[in-house]
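Positions are given from 1 along the sequence.
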Amino acid sequence: MSTHGPLVDPEGLPDWLAPVVAATEDLDLGLWKRFAAPGPGSRDAAVLMLLGETAEHGPDLLFQLRADTGGNHSGQVAFPGGGAEPEDAGPVDTAVREAVEETGLDPAGVRPVALLPRLHVPVSGFDVTPVLAHWARPSPVRAVSAAETQAVARIPISHLADPANRFRVAHRGGYVGPAFAAPGMLIWGFTAGLLTMLLAVGGWEQPWDAGDVRDLDAAWRGVGAEVQS
């Protein structure tokens, strides 16, 4: 049985979203091999990739800036989400519940539309299912708990796809991966990998300079300086 694909008929979705959802049925799974395969003994988790739209900026995505607590993902930009709980009926329940807890969004305005392949995140030991959703009726969002989240933001797809905002980051430990610059935020790691795949699946990707490799620490400091200025 497939673990990914549309949850609704794409024909009932906005014109900009329908092709994205339809494409999840026949993904080139070879492209997802940049992620680790789900591992035995890992804990299930899910993230909500919530796609909305504004008249001014067009389609956008909801992100959160995690609190700087010193943990594995502290201070990083992420899609709302987290570990599954026993009462969750599946990844959709997990993703929406976590997003409500972290951003205060109204779940009544969220329509899950597709699942992406389940992926393993070795640093946290989670098997993560990305849930694509349409923010059919957007509601106010905020950082619900300062202990978990510093800020939340809707970032336009046009900004994320702009070649001027795309590069790669390298860490002295050997890590090299995609990154995106957003106002006051540096998107990298697992979230940047998912975003890279979404832009490709959605047909939003534009040619960009993959040879532009920047030091991760320096890029992160640059974001901090931008926030303070």
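For Tyr175 and Trp188, the ring centers are positioned less than 6.0 Å apart.
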Under 3.5 Å, side-chain donor or acceptor atoms of residues 133-144 against the rest of the protein: list the pairs with distances, not counting sequence neighbours.
residue : atom : partner : partner atom : Å
Arg137  : NH2  : Ala108  : O            : 2.5
Ser139  : OG   : Asp106  : N            : 2.9

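Residue Ala99 comes nearest to Leu105 through the heavy atom pair CB-CD2, 3.9 Å, listed as atom of the first residue, atom of the second, then distance. Residues Gly52 and Trp16 share a closest heavy-atom pair of O-CH2, 3.5 Å. Pairing each heavy atom of Pro163 with each of Gln206, the nearest pair is CD-OE1, 3.3 Å.
Between Arg166 and Glu205 a salt bridge is recorded (basic side-chain N to carboxylate O distance below 4.0 Å). For Asp215 and Arg172, the salt-bridge test fails: no basic side-chain N is under 4.0 Å from an acidic carboxylate O.
Counting only distance, with no hydrogens or angles, the side chain of Glu98 and the backbone of Pro80 share no donor-acceptor pair below 3.5 Å. Between the side chain of Asn165 and the backbone N or O of Phe180, no donor-acceptor pair lies under 3.5 Å. Not one N or O on the side chain of Thr149 forms a donor-acceptor pair closer than 3.5 Å with the backbone of Ala151. The backbone N or O of Gly90 lies less than 3.5 Å from no partner atom in the side chain of Asp88, so there is not a single donor-acceptor pair. Within the 3.5 Å criterion, the main-chain N or O of Ile187 finds no donor-acceptor partner in the side chain of Thr191.
The side-chain contact (heavy atoms from CB on, under 4.5 Å) search around Asp44 returns Ala84, Arg118, Asp127, not counting sequence neighbours.
Figure legend: Arg43 and Phe126 shown without cation-pi pairing, the cationic atom not lying both under 6.0 angstrom from the six-membered ring centre and within 45 degrees of its axis.
Residue-environment remark: CD (Glu56) stays at or below the threshold of 12 foreign heavy atoms within 6.0 Å.
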Step by step, work out the side-chain contact (heavy atoms from CB on, under 4.5 Å) result for Arg168 and Trp208. CA-CA 10 Å; Arg168 293 197 297 161; Trp208 61 285; 3.9 Å; yes
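Taken from CZ in Arg154 to CG in Leu51, the straight-line distance is 10.0 Å, to the nearest 0.5 Å.
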